[in-house]
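Notes follow once the structure below has been shown.
Note that these values count all heavy atoms, side chains included, but never hydrogens, waters or copies made by symmetry. Reminder, nothing fancy here: chain letters follow the sequence lines and each chain counts from 1. What you see is a predicted model, and the numbers here were worked out from it, not measured in a lab.
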Number of protein chains: 2
Amino acid sequence: MNKPPNRTLTLRDVSEASGVSEMTVSRVLRNRGDVSDATRKRVLASAKALGYVPNKIAGALASSRVNLVAVIIPSMSNLVFPEVMMGINEVLEETELQPVMGLTDYTREKEEKVLYEMLSWRPSGVIIAGLEHSDASRAMLRASGIPVVEIMDVDGTPVDSVVGISHRRAGEQMGRAILKGGYRRIGFMGTTMPRDHRARKRFEGLTDVLGKAGVEIAEREFYSGGSALLKGREMTQALLGRDPDLDFLYYSNDLIGAGGLLWLLEQGYDIPAKIGLAGFNGLNLLKGLPRELATMDACRFEIGRRAAQIIADRAQPDADQAPQRIALEPKISYGDTLRRP
Amino acid sequence: MNKPPNRTLTLRDVSEASGVSEMTVSRVLRNRGDVSDATRKRVLASAKALGYVPNKIAGALASSRVNLVAVIIPSMSNLVFPEVMMGINEVLEETELQPVMGLTDYTREKEEKVLYEMLSWRPSGVIIAGLEHSDASRAMLRASGIPVVEIMDVDGTPVDSVVGISHRRAGEQMGRAILKGGYRRIGFMGTTMPRDHRARKRFEGLTDVLGKAGVEIAEREFYSGGSALLKGREMTQALLGRDPDLDFLYYSNDLIGAGGLLWLLEQGYDIPAKIGLAGFNGLNLLKGLPRELATMDACRFEIGRRAAQIIADRAQPDADQAPQRIALEPKISYGDTLRRP
DNA sequence: CTGAAAGCGCTAACAT
DNA sequence: ATGTTAGCGCTTTCAG
């Protein structure tokens, strides 16, 4: 038995074990340049026998190439972001880039801190949720000189590239569908999250369209934390308690919408004839409810894919560095809870 | 306006701008050693004015300290892991350690690859899901010489430390509760995931206990992919179609359990009198269903916390490096779908 | 309290 | 096809 090393192995160890220069070992391990087959085999054998694992820290410093992509998102408990990550992963897996995640908890202070940390690793690109950042964050992003893709939302001015949907338009679109469905007395439920700019934009789009038709939001209710499903129930009950004549409920996410739906069904409400419902996100979860909730797909997976693709493309030598703007088009899914025109 | 730099800033730039040596700048930026207040202020001002972001790659190489913790989990789409991550985050946030995530998609090949990638960054610790790894992975972990915490499961032989619950015992415990509830004709539903060792262990624990009481699993059904809620419905219908006399359904996760519950309620089944149900995980989502599904908490958040704590403790200079074994004790939550003894 | 020298482990660029 | 040299940007160590 070999005694395990008390320090980690270096190229030099492999070099000595195989009798070739460090440089040749390096070439073999990276599949670079011409190395004779015999040498290659010998080196590989030595490396494996020793259990050598290259030191990327040193490699990155020497080559000033870091195959990391910083992904900065608000939270993981919001079902939306894991799906974005999966899209990113799917694309980066085909490359040598690796995503590294940072969480902001929906606060600008943390975003700034996380961004600083991330940038200090000199990643090959940054994917960051939202278009609203502190001036300092924006300055860091610009000064970094690396590709930046802001995701989820396209309503605003990006630092560099942007991939998302227009939440304002999504709200407008839903507003139109609600009106066409003949609904007139509308309640709104959402999070109190002060920094949920995207929900705010949807809400503004909605109220705009309704307003132009002379319709106002009759009641609203906000929540934070806890089981979204349960909150959906509670808020729905509260809202209808205050105004029993509501004929449509718009939820800022599918989970509270599902809670509301379950409660309404238990109470025997006639959906979507007497009261209509819609959520937002297009969660897979909705398939399997007693009725399928009307919703709009936030294109989460695709957003992740496209953003990663931009970074991957730009990481190629002499790639086109022009900023991209990709606005995806979400479609309304009527499900069983929104009367069709 | 300053022209933005075409290369990234170095300590030298700050050194020149502030008129002190690079060494002193380095000390200021890391709050190390004694630096006069005047110098400190001057350096900080220059650094900020230039927009200097330290290069951790170089710092890590020079100090051979990398404040990264590799977290290797199967997937993000499984609701379980985001919660583990949140626990990890909560603890690491108080330290200067930063989690870096790697996904294995439940395959050993990817696990091995991801582990290799991660180790090549020389992290301060590894948190990895499960106890079942390839020999090569185990060898890498051991040879790395860094703290390793295997999480989720304690039924097996860890490389180093381990934090989790005994899934075998969880299955046994549920088996006993089922028997005490007076149920005798039991159906099982779960994933086909060949590598879901933890679900398998729960299943074994369950069948063991039932077997000793002369009770066998009457029917079983497996699924993969798609909306778990929907699959729960479909499998439940299929199972009861094949054997209408089943009086208990054990689901390997809460989401399919919730689907089954919804379907049974629609069909007018008498729960938990005529038929009992239980899931696994203790998802927050369950609060808000028409009835609360019986389940067992997998202690996800706490597992994350404890694992991170072990790494954080060991990262301290001259810390105790002895392997830890932390077996958390999940409790049954009877909800409204499991008859109490 | 501050600075100068040496080197972390690797790779780019240039030999041979 | 292989080796040599000179750093990458920082921190450690030792000297003032």
Within the pair [X] and [N], is there a side-chain N or O less than 4.0 Å away from OP1 or OP2?
X      : N      : answer
A:T24  : D:dT2  : no
A:S26  : C:dT11 : yes
B:R122 : C:dG9  : no
A:S63  : C:dT11 : no
B:Y52  : D:dC10 : yes

Review point. A:M23 has a side chain; which of D:dT12, D:dG3, C:dG9 sits nearest to it?
Key: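 Looking only at heavy atoms from C-beta outward on A:M23, the closest nucleotide is D:dG3.
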Nucleotide [N], atom [atom2] - distance to [atom1] of [X] in whole Å:
X      : N      : atom1 : atom2 : answer
A:W121 : D:dG9  : CH2   : C1'   : 13 Å
A:E22  : D:dA6  : CD    : P     : 15 Å
B:E16  : D:dG9  : CD    : P     : 13 Å
B:L61  : D:dG7  : CG    : P     : 17 Å
A:R12  : C:dC10 : CZ    : P     : 11 Å

Practice item. Starting from the first five and the last five pairs of the helix from C:dC1-D:dG16 to C:dT16-D:dA1, work out the angle between the resulting helix axes, to 10 degrees. Key: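 That helix gives 30° between its end axes.
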Review point. Which residues within residues 28-42 of chain B lie with some heavy atom under 4.0 Å of an atom in DNA chain C?
Key: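 Correct list: B:D34, B:V35, B:S36, B:T39.
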Review point. Would you say B:S75 and B:N78 make side-chain contact, with heavy atoms under 4.5 Å?
Key: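 Counting from C-beta outward, B:S75 and B:N78 do come under 4.5 Å.
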Review point. Any side-chain heavy atom of B:L9 sitting closer than 4.5 Å to one from B:V14?
Key: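 No, every pair of side-chain atoms sits at 4.5 Å or beyond.
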Review point. Does a salt bridge link B:K113 with B:E109, judged by any charged N lying under 4.0 Å from a carboxylate O?
Key: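 Looking at B:K113 and B:E109, the cut-off is not met.
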Review point. Can we say B:R314 and B:D160 salt-bridge, meaning some charged N sits less than 4.0 Å from an Asp/Glu carboxylate O?
Key: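 Between B:D160 and B:R314 there is a salt bridge, with a charged N closer than 4.0 Å to a carboxylate O.
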Practice item. Mind checking the CG-CD1 spacing from A:L97 to A:I88? Nearest 0.5 Å is all I need. Key: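 A:L97 CG to A:I88 CD1: 11.5 Å, rounded to 0.5 Å.
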Check your understanding: Under the salt bridge (Lys or Arg N to Asp or Glu O under 4.0 Å) criterion, do B:R198 and B:D153 qualify, and how do the steps go?
Key -> CA-CA 7 Å; B:R198 296 182 280 285; B:D153 188 6; 5.4 Å; no
**Study point:** Presence of donor-acceptor pair under 3.5 Å, side chain of A:R27 and base of D:dG3
**Key:**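 Yes, the side chain and the base share a sub-3.5 Å donor-acceptor pair.
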Exercise for review: Might you work through the salt bridge (Lys or Arg N to Asp or Glu O under 4.0 Å) test for A:R65 and A:E96, ending with a clear yes or no?
Suggested key: CA-CA 11 Å; A:R65 253 194 295 278; A:E96 46 180 20; 5.9 Å; no
Exercise for review: Apply the test salt bridge (Lys or Arg N to Asp or Glu O under 4.0 Å) to residues B:R305 and B:E302: give CA-CA distance (whole Å), side-chain angles for both, the deciding distance (0.1 Å), then the verdict.
Suggested key: CA-CA 5 Å; B:R305 284 182 48 80; B:E302 187 63 12; 3.8 Å; yes
Check your understanding: How far apart are the C-alpha atoms of A:E117 and B:K56, what are their side-chain angles, what is the distance that settles it, and do they pass the salt bridge (Lys or Arg N to Asp or Glu O under 4.0 Å) test?
Key -> CA-CA 9 Å; A:E117 290 285 312; B:K56 286 211 184 183; 2.7 Å; yes
